[in-house]
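Report on one structure; see the data block that follows.
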Amino acid sequence: MLILTCPYCGQEADETTLHAGGEAHITRYGPGSSDQEFEDYIFARQNPKGVHFERWQHAYGCGKWFHAARCTTTLEVFGTYSAQTLEPPKEVTDLLDEKRPGWSWGTLK
Ligand SMILES: [Zn+2]
């Protein structure tokens, strides 16, 4: 079972009390963007086997949205953090560097 720690209220929440919100750090395109950019924003998502950045809502807790970095195959969680960030915090990327050598943020954007 997936267990994530809410970065806002600090509660450990299992997946039955969370709501999945899909991939995190999606670049939003608006007026002036190309059709391809807008199509990618709406439909294109990564589906990695391994490290993935996701949006979650602590639905049956404080109700706030946050981001989580986890492995999709092992459910290992590398960290949770505010949804108000454009990139994962350094402590999360440092842990990924340690536990998943060769991992690169640039390849996941
Ligand atoms: Zn919470």
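Counting starts at 1 for both ligands and their atoms, in listed order. In this chain, numbering begins with 1 at the start of the sequence shown. The analysis underlying the following values was restricted to heavy atoms, covering all of them including side chains, and did not include hydrogens, waters or symmetry mates.
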**Prompt:** Should the ring pair W103 and F53 be called parallel, tilted or perpendicular, given that the plane angle runs from 0 to 90° and is split at 30 and 60?
**Reply:** tilted
**Asked** How far apart are the closest heavy atoms of A83 and Y8, and which atoms are they?
**Response** N-OH, 3.4 Å
**Asked** If you leave out waters, which protein N, O or S atoms are less than 2.8 Å from the Zn ion (ligand 1)?
**Response** C6 SG, C9 SG, H58 ND1, C62 SG
**Item:** H67 and its side chain to side chain contact (heavy atoms under 4.5 Å, CB included) partner, picked from Q84, R55, E23
**Value:** R55
**Prompt:** Under a 4.0 Å N-O cut-off, is there an ion pair linking E54 with R70?
**Reply:** yes
**Item:** Salt-bridge criterion met for R28 and E37 (N-O under 4.0 Å)
**Value:** no
**Asked** Does H19 have its ring centroid less than 6.0 Å away from the ring centroid of H58?
**Response** no
